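Okay, structure first, notes after.
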Amino acid sequence: MTSSPTPAPDSTTWIATQPRNRRRRGPLARFIRKPLGVAAAVLLLLGVVASFAPSLLTSIDPQAADFANVLSGPTAAHWLGTDSLGRDILSRIIYGTGPALLGVLIAVGVAALVAIPAGLAAAMFRPVDAVVTRLNDLVMSIPGIIVLLMVLALSGSMNWAMVAVGLLTAPGLVRVVRSSAATVTEEPYIAAARVFGVGKWKIAFRHVLPRIAGPILVNVSLIAANALVTAAGLNFLGLGLTPPTPSWGGLVADGAAVMNQQPWTLVPSGGVIAITVIAFVLLGDAIRDVTAEGWTAGRSKGASITRATTVPATSSDDAVIESADALLRVRDLSIAFPDADGSARSVVQSVSFDIGAGEAVGIVGESGCGKTITGLGVLGMLPGGARVVSGSIQLDGVELLELSPRERAAVRGKTIAFVSQEPMTALDPLFTVGYQISQAVRVHTGASRKRAAARTLELLEQVRIVDPKRVARSYPHEISGGMAQRVSIAIALAGAPRLLIADEPTTALDVTVQAEIVALLRTLQEETGLAVMLISHDLGVVSALCERAVVMYAGQAVERAPVGELMSTPLHPYSAGLLSANPHFATPGSRLQTIPGSVPPPDKWPVSCHFADRCALATEACRVGPIPLVAVAPGRASRCVRVDALQTEGVAR
Amino acid sequence: MTETGLLLDVADLVVRFRGRRGKQVTALSGVDLTIREGETVGLVGESGSGKSTLGNAVLGLAPVASGTITFAGEDISHARNRQRRRLSRDLQAVFQNPYGSLNPTRTIGSTLAEPMHEQGRFGRAEIQRRIREVLDQVGMPADSAQRYPSEFSGGQRQRIAIARALVLSPRLIICDEPVSALDLSIQAQVLNLLGDLKRELGVSLLFISHDLAVVRYIADSIVVLKHGEIVERGPAAQVYDNPQAEYTQRLLAAAPAPVTHVPFESR
């Protein structure tokens, strides 16, 4: 097939919005940037040299006794001192490295060779799973030390003992491989591979194994550490390697025997074991990170805003804001996340809006536009590192940003309540629905157990649950998604709040259930005078519930309007684009009007119009400086300098 | 292939899963469905209706208890690896979750090459040429091939997943909620892309979705599923504008259209 469809008009700009071509470093270059990993690798490399060519590292014979210097501390001749026979401890450590590392290699090799295929097979083939799991439990219940003593007694060889150590530690790794592989096999790309007719083992090694390399590496490094300590323990007991042969465990035993005369001898012998264990773990971590960095986008973890930064002052909200007696008054709210270098990356810029008592206002926009963060900012529950950098949030005339965290918490639930997208995750699976609601009632009102129970049933009735008593006794897994969303609304209502922030409350639900929840919110609003801040990408849901809407794009409020007018005459090209992209209005067979490209990430937001790159109406004027949100009609505001063109030409619908 | 250009014929399909405590759960009971060459059939229903199960049964991802699935005249009800591999030339899939539909540890290039490698009859140069071609078809730049999925947005990943489905020039693509996880403006881009491919490549689509407006836009005919049974089927316009089954009417009434403030009726 050679005919290729003519690229759609929007695909050229699509290309323009590609992520920047981040140059990827090779695995070695990435590894070198991890100082702890490099230190561990250097140390273990030294160990390998010591194993193959100990004479390169020391010229002293490990068996040579220097009776003149028995039990000496560190000296120029004996850097780490001597033991009770005057033998050089450093030399004995170096000559003991080979057996120690070989033992670790055998144990790790055996464990990995047994556990990885077994774990993968258990995750991918149902019949195998039962066998592997039983066998695993069986091995785990065997007392390891007895097996080791038996193996040593029968074979007398340290290597066979390490094979046994590998087999005994394999079950832990089997479990890790099985559970992490089971999660990965649910992913759609596995299904796609099966559609191509890729065999199961090929899928396991090509598509599953690389994904779970992280947990496997970490576990393998722990197995290595464990094997080293076990080997040292056996040698300490005088098993496996017979005394004149240097072994790390034997050195500890020698040291322990003369502990009272020369405590120093324990330091190098114990120290080398401890350091090697740490090196294994650090190396495992570093390799895990290097493998994962190969395919994940870099992200800063646990960063906080440390550098004073100026958030672009695109504030200038010239529009007069509607209600004078608003319940919630948000002014110039700016929220920023910490960047990797500690500077602030703003994700919400100078957003202002009011919500009157009993009013429903929709916050509309696509993902990445800052609507959820705005909601969490009002709630005072910003996620990791994010903070309000400027602005004001007033609730009933009280400035929330000046409250202490404790006072803020008191406002949550009592005056402002929150309902999230995933009702099931909002409920604790271990407790009955009734218990969870009554707990919320007691926290907010201090009611007695009995009063709270009565109030619970009232609340369940209020959210239109038909059989409140039965539902109150149910556990979350026993109720449907729609029911769970009603319950989480009941919990939100427990403190008799005046404002409900609902973040995509219907998105995870089926359409028929969606309609019921929207109807419920509407009834509650009418019955109790509850104000609602509805965060949604769905203009249909917003138009069914809200009087007014704020359209957000890339961190800014770009339009504020009564919902009906927004739908009939959008006054910002982004609002217009959202409406025309909706297949509800499209004629089958015709092309949908699209907004080319996608919402840019916060670090790509220009100081000028954020939407200009995707806008058909954009001119030079859109790219020179910050665009203010200005009043364009009674009760309406738009952040667009081309609003006249939009009004006269209209936007294709 | 049969004379009418019949591509897929699902007859009296029953799919059962093993549920809790060994109980059998019937996901599909006696479903019939046909797709002709170049036709797009929309499959609509709510969660638990069995719509994804039907797609999965055709793809060999769900066990067929009874009934037959015939693709281009060949019985594929119980096709296994070898037959699947041959079948995958003509029968492909695009799944819902754009974040899980690509293996994050492999470059886009190796993901797109895999179906061709599996066929075992394409040379390296041919594979490279075809990858460039499909990337171009879905409006992605050629250098995407060297990158990893984490570098792309949800909409771009869905385009790549569509490119993977196109690599072997299939005759039927099962699209399981391909746009539901996407934002509205991105959804429109992907729907346009599917529309273009349908028109210009003549590929048939089984378009599975909970969103009636989307299905009406893309599909020639609509099948409505409820609890594993078909409650209504017909030309898209007819089902959408003049639904006969009570359940279809309820679905349509519930889907909120962004119109000037028409509140839902409280039920």
Side-chain angles (χ1 to χ4, degrees), chain A residues 1 3-5 7-8 10-11 14-15 18-19 21-22 187-189 191-199 207 210-211 295-297 366-367 510-512 514-516 518-519 522-523 537-541 543-544 563-564 567-568 577-579 581-584 586 588 591-595 598, chain B residues 46-47 59-61 81 84-85 88 92-93 95-97 100-105 114-115 118 133 136-137 139 141 148 150-153 155 164 169 183-189 191-193 195-197 200 210 213-214 216-217 236 250-251 254-261 263-264 266-267:
Chain A
M1 176 184 57
S3 78
S4 123
D10 52 73
S11 20
W14 182 279
I15 291 163
Q18 281 300 306
N21 198 350
R22 196 152 50 88
E187 302 252 11
Y189 75 83
R194 283 174 64 189
V195 170
F196 307 138
V198 183
H207 290 297
R211 278 295 298 284
W295 45 272
T296 49
E366 297 177 289
S367 42
D510 273 328
V511 272
T512 48
Q514 220 174 60
E516 290 167 14
V518 170
R522 202 171 172 77
T523 327
H537 72 285
D538 189 334
L539 287 167
V541 171
S543 72
V563 168
M567 303 290 167
S568 55
L578 273 187
L579 280 165
N582 196 312
H584 266 289
R591 291 183 65 81
L592 289 167
Q593 292 286 327
T594 62
I595 308 173
S598 52
Chain B
E46 295 191 289
S47 48
L59 294 169
L61 302 173
N81 280 354
R84 274 284 151 213
R85 207 168 307 147
S88 71
Q92 276 300 327
F95 297 101
Q96 169 173 10
N97 175 355
S101 60
L102 304 173
N103 184 344
T105 65
E114 184 175 32
E118 281 307 308
E133 204 170 84
D136 180 53
Q137 272 175 350
Y148 288 88
S150 63
E151 296 177 57
F152 296 97
S153 69
R164 175 179 56 191
S169 311
D183 271 320
L184 205 56
S185 70
I186 310 299
Q187 170 181 307
Q189 293 169 353
L191 283 177
N192 276 346
L193 170 65
D196 291 345
L197 296 172
E200 304 188 22
H210 69 283
V214 167
R216 198 233 11 182
Y217 171 75
R250 259 180 56 207
L251 272 185
V259 286
T260 318
H261 218 73
F264 290 109
S266 307
R267 237 178 292 273

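In this text, all values refer to a predicted model and were calculated from it rather than measured experimentally.
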**Asked** Based on non-hydrogen pairs under 4.5 Å, which of B:His210, B:Glu114, B:Gln187 is most in contact with chain A?
**Response** B:Glu114
**Request:** Please determine, among B:Ala93, B:Ala236, B:Ser47, the option with the most heavy-atom pairs under 4.5 Å with chain A.
**Result:** B:Ser47
**Asked** B:Gly100 and A:Pro188: which non-hydrogen atoms are nearest, and at how many Å?
**Response** O-CD, 3.4 Å
**Message:** Just verifying a value: how many Å separate B:Asn192 CG and A:Arg591 CZ, rounded to the nearest 0.5 Å?
**Reply:** 4.0 Å
**Prompt:** Between A:Ser598 and B:Ile186, which heavy-atom pair has the shortest distance, and what is it?
**Reply:** CB-CD1, 3.6 Å
**Complete:** side chain to side chain contact (heavy atoms under 4.5 Å, CB included) with B:Leu184: of A:Leu579, A:Asp538, A:Asn582, only one passes, and it is A:Asn582
**Asked** Who among A:Gly199, A:Ser367, A:Ala193 has the most heavy-atom pairs with chain B under 4.5 Å?
**Response** A:Ser367
**Which portion of B:Glu46 sits near chain A, non-hydrogen atoms under 4.5 angstrom** = both
**Request:** Pick whichever of B:Leu251, B:Asp183, B:Leu61 has the most heavy-atom pairs under 4.5 Å with chain A.
**Result:** B:Asp183
**Item:** Portion of B:Leu102 that has a non-hydrogen atom of chain A nearer than 4.5 angstrom
**Value:** backbone
**Request:** Looking only at non-hydrogen atoms, find the nearest pair between B:Phe95 and A:Ala191 and report the distance.
**Result:** CZ-CB, 3.7 Å
**Message:** I'd like to know which of B:Gln96, B:Arg84, B:Arg85 tops the heavy-atom pair count under 4.5 Å against chain A.
**Reply:** B:Arg85
**Message:** Any heavy-atom pair between the side chains of B:Leu59 and A:Arg194 that's under 4.5 Å?
**Reply:** no
**Request:** Please report the closest heavy-atom contact between A:Val511 and B:Ala254, naming both atoms and the distance.
**Result:** O-CB, 3.5 Å
**Asked** For A:Ile595 and B:Gln189, which heavy atoms make the closest approach, and how far apart are they?
**Response** O-NE2, 2.6 Å
**Prompt:** Would you call A:Phe196 and B:Gln92 a side-chain contact if the rule is heavy atoms closer than 4.5 Å?
**Reply:** yes
**Request:** Kindly give the heavy-atom pair with the smallest separation between A:Pro583 and B:Val214, and that separation in Å.
**Result:** CG-CG2, 3.7 Å
**Request:** With a 4.5 Å cut-off on heavy-atom pairs, point out which of A:Glu187, A:Glu366, A:His537 contacts chain B the most.
**Result:** A:Glu366
